[in-house]
2 protein chains.
Amino acid sequence: MDDLTEMLKGTLEGCVLEIIGGEETYGYAITRRLNELGFTDVVEGTVYTILLRLEKNGLVQVTKRPSGMGPPRKFYALNDAGREELATFWAKWEYLSSRINNLREGGR
Amino acid sequence: MDDLTEMLKGTLEGCVLEIIGGEETYGYAITRRLNELGFTDVVEGTVYTILLRLEKNGLVQVTKRPSGMGPPRKFYALNDAGREELATFWAKWEYLSSRINNLREGGR
DNA sequence: TAGTGGTACTCGGTACTACAAAGTACCAGG
DNA sequence: CCTGGTACTTTGTAGTACCGAGTACCACTA
């Protein structure tokens, strides 16, 4: 699939929220997860900027833990604000995707 | 629905292409059409920048015609490149939306 | 005839986001 | 020691939707 970067704007952050909401995890693993979910071109740098943004906006709780396989990992978990943001994201996604699919089917 | 601007990035241009593909039309009418289709906050300035971009990228054919109801209108129609771009857009949209919905349903 | 409101397009600047690129650092195995 | 996989940081760039202000045409009306 060719370049999706513009289309990912606004949705990739929601995807990261969803992954974190499923289980406490860390940046490197999130990137790998996204890749295997079909977001093949998403790279680490992108995920880390999103994680820093989530942290700055107070949507996640961060815990640093040693790894054994390399440098220490920063684990991310959703807090209440994060869960709320995730729900908002899905509401927006549903709204937008339904409008777009309507448009495609002749526009009603 | 609250702010969708980030989520619209990469998709709004495709929506405009789809509308133009349906019938030859012009900026002001496209804005009104988007608004009634549920893209309520899209404003004229945004549509015009998209139209100029489409023209610059050689995806549309432009014809200026007098209006009777105000200043002359610039009518836009898809050319072959535009139709191809529209098909690519829908392919990307299908790909992306299916991945996102998969992710939502537990992630396989 | 001046004023208002709807139609219609242009242009300069801003904010936000995904991504590129380069670097730091930890650890295991040869 | 040196390579390769793991793991995070930082700076800068490009692309897009949006804002705001401006220009201009026309119909209607007081």
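Heavy atoms only: backbone and side chains are in, while hydrogens, waters and symmetry mates are out.
No single ILVMFWY cluster, assembled from side-chain heavy atoms under 4.5 Å apart, contains both B:L54 and B:L52. Cluster membership check: A:M69 does not share its hydrophobic cluster with A:Y76, using side-chain heavy-atom separations under 4.5 Å among Ile, Leu, Val, Met, Phe, Trp and Tyr.
Atom-to-atom, CD1 of A:I50 to C1' of D:dT10 comes out at 16 Å; the value is rounded to the nearest Å. For the pair B:M7 CE and D:dG15 P, the computed distance is 23 Å after rounding to whole Å. For the pair A:L8 CG and D:dA14 P, the interatomic distance rounds to 20 Å; values are reported in whole Å. Rounded to a whole Å, the NZ atom of A:K9 is 9 Å from the P atom of D:dA17. Put simply, CG on B:L12 is 18 Å from P on D:dG15, counting in whole angstrom units.
Along DNA chain C, read 5' to 3', the first and last nucleotides having any atom under 4.0 Å from a heavy atom of chain A are C:dT17 to C:dC27.
Evaluation of the ring-ring contact (aromatic ring centres under 6.0 Å, His included) test over residues 5-30 of chain B, restricted to residues two or more places apart or in two chains, returns B:Y26-B:F75.
Formation of a donor-acceptor pair under 3.5 Å by the A:N57 side chain with backbone atoms of A:L59 is not found in this model. Remark: side-chain polar atoms of A:N35 are paired, donor with acceptor, to backbone N or O of A:F39 under 3.5 angstrom.
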Distances under 3.5 Å only, N/O to N/O: pair up the protein atoms with those of nucleotides 7-9 of chain D.
| from | atom 1 | to | atom 2 | distance (Å) |
| --- | --- | --- | --- | --- |
| D:dA7 | OP1 | A:S67 | OG | 3.3 |
| D:dA7 | OP1 | A:R73 | NE | 2.3 |
| D:dA7 | OP1 | A:R73 | NH2 | 2.2 |
| D:dA7 | OP2 | A:Y26 | OH | 3.0 |
| D:dC8 | OP1 | A:K74 | N | 2.7 |
| D:dC8 | OP2 | A:G27 | N | 3.4 |
| D:dC8 | OP2 | A:Y28 | N | 2.9 |
| D:dC8 | OP2 | A:Y48 | OH | 2.7 |
| D:dT9 | OP1 | A:K74 | NZ | 3.0 |

Could you go through residues 12-21 of chain A and list every donor-acceptor pair under 3.5 Å that involves a side-chain atom there, pairing it with any protein atom two or more places apart or in another chain?
| from | atom 1 | to | atom 2 | distance (Å) |
| --- | --- | --- | --- | --- |
| A:E13 | OE1 | A:R53 | NE | 3.0 |
| A:E13 | OE1 | A:R53 | NH2 | 2.8 |
| A:E18 | OE1 | A:W90 | NE1 | 2.8 |

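Considering every non-hydrogen atom in both A:M7 and B:G10, the closest pair reads CE-O, 3.9 Å.
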Q) How far apart are the C-alpha atoms of B:T63 and B:K74, what are their side-chain angles, what is the distance that settles it, and do they pass the side chain to side chain contact (heavy atoms under 4.5 Å, CB included) test? A) CA-CA 6 Å; B:T63 315; B:K74 283 176 72 178; over 6 Å; no
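B:L4 is not listed as a side-chain neighbour of B:D41, based on a closest heavy-atom distance of 4.5 Å or more.
Using a 4.0 Å cut-off, some side-chain N or O of B:T46 falls inside it from OP1 or OP2 of D:dC18.
Among the protein residues, B:L51 comes within range of no part of the nucleic acid, since none of its heavy atoms lies under 4.0 Å from any strand.
Residues satisfying the side-chain hydrogen bond (donor to acceptor under 3.5 Å, both in side chains) test with B:D2, not counting sequence neighbours, are none.
End-to-end axis angle of the helix from C:dT1-D:dA30 to C:dG30-D:dC1, from C1' rotation axes over five pairs per end: 10° (rounded to 10 degrees).
Remark: A:E55 CD is packed, more than 12 non-hydrogen atoms of other residues, nucleotides or ligands lying under 6.0 Å away.
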